Number of protein chains: 2
Amino acid sequence: MEKNKTTQLSSIKESLIELLNNRDLQPSQKLPSERALSLLFSTTRITLKEALLALEIEGIIYREDRRGWFVCPVRLIYNPLSRCHFNQLVSDQQRSGKTQLLAVRTQPADAQQSKLLELDKNTQLHCIERLRYVDNRPVLYVQNCLISALFPAILAQDLSQSLTLLYQQEYGYQTSRSRFDVTLCGASKEVASALHLAPGQQVLKIGRVNYQQQGIIIDCEFEYWRPDAVLIAIDSHAG
Amino acid sequence: MEKNKTTQLSSIKESLIELLNNRDLQPSQKLPSERALSLLFSTTRITLKEALLALEIEGIIYREDRRGWFVCPVRLIYNPLSRCHFNQLVSDQQRSGKTQLLAVRTQPADAQQSKLLELDKNTQLHCIERLRYVDNRPVLYVQNCLISALFPAILAQDLSQSLTLLYQQEYGYQTSRSRFDVTLCGASKEVASALHLAPGQQVLKIGRVNYQQQGIIIDCEFEYWRPDAVLIAIDSHAG
DNA sequence: AAGTGGTCTAGACCACCCC
DNA sequence: GGGTGGTCTAGACCACTTC
């Protein structure tokens with residue numbers, strides 16, 4: 001048999017893991033440069049990079065575009081069915097959260113948005129783009145798309161707060177049902193740059209639509225997560 | 001400004017997409033070989049491969065280990081909260097399903113299993129490994145772990161059938177609640193080889209635990225999906 | 001046996017981040 | 001300005017799949 005030939009790739013992976021353990025690297029700590037590591041393991045940068053990419057897939061390390069490789073912190077546990085606000089979710093897990101407003105635009109729905117909202121294209125939407133941090137690391141790019149007609153004067157509000165709260169307090173909307181889907185895709189330029197990813201790197205995309213008490217759709221949302229930063233966990237009981 | 005410098009990589013990606021459109025390639029059809037494509041685009045295999053990997057991330061093409069690159073068929077839409085049997089799920093979407101029994105073992109729970117089952121390690125489990133096909137393509141490797149004591153003589157049954165059905169009909173168990181989590185990880189040797197993936201390639205992992213009417217845990221399950229083959233979609237209403 | 005993708009070498013230039 | 005990761009070249013050998 002002897003099918004388990006140890007490739008150089010897998011032995012470099014093991015050496016890297018050993019290195020991480022021995023140095024007792026802290027979460028978010030930077031690894032040595034690719035050039036230094038390829039010298040250390042007597043290999044080329046391309047081969048070394050393949051080993052790093054493999055550890056990235058396994059969720060052990062992550063990359064910041066042109067900044068280097070870092071040790072993955074513990075993932076944020078996230079239940080997309082829960083109505084919990086981001087900030088609370090984060091602090092419940094003994095982490096610090098922060099939200100930054102990136103842009104607000106009012107424009108007609110594009111194909112993706114109108115499909116999710118079950119509306120004509122060209123329906124006017126408020127699109128709110130925000131960046132969410134966990135422990136000062138950008139991990140989530142969110143685009144909220146509200147049907148303009150249902151949210152008069154919402155743009156005058158503080159949009160770095162929880163939108164769910166605004167829905168309730170200012171408009172009396174309460175989400176009674178939501179539908180969402182989870183896919184993997186390449187990051188667009190905007191998303192990549194906000195999350196410090198290389199353009200085209202993989203992100204976890206969650207598209208969601210919310211129904212109000214009467215079953216009326218009020219908005220939809222597109223979340224783009226750093227895949228290394230989150231763990232989706234769902235319980236059919238807990239709302 | 002002029003930040004949008006067109007890299008060779010992105011222009012190769014575009015040419016590839018054009019090629020796919022022009023040839024009107026059918027789902028699951030094979031692309032030309034990497035060598036042929038790198039000649040066609042006057043580049044090296046490494047650069048060309050990076051372009052293919054980028055299209056893989058975007059879910060346009062998929063890879064079979066040492067067999068080549070293929071066009072992605074439409075994804076199977078999957079709701080992990082639904083109690084629907086795999087075969088029905090697949091045929092509801094006008095696809096053909098097939099299940100192959102790979103192995104059955106009875107052994108003490110390992111760390112991962114005992115954690116999910118909230119049991120001592122060393123509790124005896126029946127581990128059933130199966131491979132599921134959609135349109136004759138292997139897309140899902142499943143390991144079901146049943147607490148042996150709760151399922152006497154189950155190994156005498158036909159295990160390529162729906163286990164959920166066996167639970168109900170033979171033992172009177174009905175799942176009343178389930179918890180699951182979704183992560184990305186590298187494929188183990190067994191999973192990779194069953195799904196025709198290169199070892200270490202990314203898979204979508206879903207770990208699930210099922211509670212019976214009285215809230216008793218009866219089994220858990222680990223699903224390893226080809227990430228290109230599935231789209232997770234959840235509705236907070238529909239069970 | 002021929003051809004494939006997987007792995008690997010030994011370099012190079014560039015845009016960008018950080019100091 | 002020095003160093004980083006991102007991109008790219010022009011080859012090579014091997015294990016495996018397919019015929």
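Not measured: the values here are computed from a predicted model. Just so we're on the same page: letters track the sequence lines, and every chain starts at 1.
If you check every strand for non-hydrogen atoms under 4.0 Å, A:R67 touches sugar and phosphate atoms only.
Side chains of B:Y78 and B:Q93: no donor on one and acceptor on the other come within 3.5 Å. Side-chain N/O atoms of A:T183 and A:D181 include no donor and acceptor closer than 3.5 Å. With hydrogens and angles left out, the side-chain atoms of A:Q100 and A:S160 include no donor and acceptor closer than 3.5 Å. Between the side chains of A:T99 and A:R132, at least one donor N or O sits under 3.5 Å from an acceptor N or O.
We find that CG of B:L31 is positioned 13 Å from C1' of C:dG5, with the value rounded to whole Å. The CZ atom of A:R66 sits 9 Å away from the C1' atom of C:dC17 (whole-angstrom rounding). Rounded to an integer number of Å, the gap from A:E56 CD to D:dG5 C1' is 13 Å. For the pair B:E64 CD and D:dT17 P, the computed distance is 11 Å after rounding to whole Å. Rounding to whole angstrom units, CD1 of residue B:I46 and C1' of D:dA12 are separated by 11 Å. Distance, B:I12 CD1 to D:dG6 C1': 14 Å, rounded to whole Å. As rounded to whole Å, 16 Å separates atom P of D:dT17 from atom CD of B:E34. D:dT7 atom C1' lies 14 Å from atom CD of A:E50, rounded to whole Å.
DNA chain C lies under 4.0 Å from at least one heavy atom of each of the following residues of residues 35-44 of chain A: A:R35, A:T43, A:T44. Taking every heavy atom of residues 192-205 of chain A and every atom of DNA chain C, no pair lies under 4.0 Å.
For B:S33, no side-chain nitrogen or oxygen approaches OP1 or OP2 of C:dG3 to under 4.0 Å. One finds a side-chain N or O of A:K49 lying less than 4.0 angstrom from the OP1 or OP2 phosphate oxygen of D:dG6. Residue A:R63 places at least one side-chain N or O under 4.0 Å from the OP1 or OP2 atom of D:dG6.
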| Derivation and outcome, side chain to side chain donor-acceptor pair (under 3.5 Å), residues A:W69 and A:E56 | CA-CA 9 Å; A:W69 295 88; A:E56 183 186 39; over 6 Å; no

| Can you list the steps and then say if A:C185 with A:K205 is a side chain to side chain contact (heavy atoms under 4.5 Å, CB included)? | CA-CA 7 Å; A:C185 62; A:K205 177 176 176 178; 4.0 Å; yes

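At most 12 non-hydrogen atoms from other residues, nucleotides or ligands lie less than 6.0 angstrom from NZ of A:K121.
In this structure, B:W225 and B:F86 have tilted ring planes: the angle between them lies in the 30° to 60° band.
For the pair A:R45 and A:L9, both in contact range of DNA chain C, the more 5′-proximal nearest nucleotide belongs to A:L9.
Using a 4.5 Å cut-off on side-chain heavy atoms (C-beta onward), A:R63 and A:L53 make contact.
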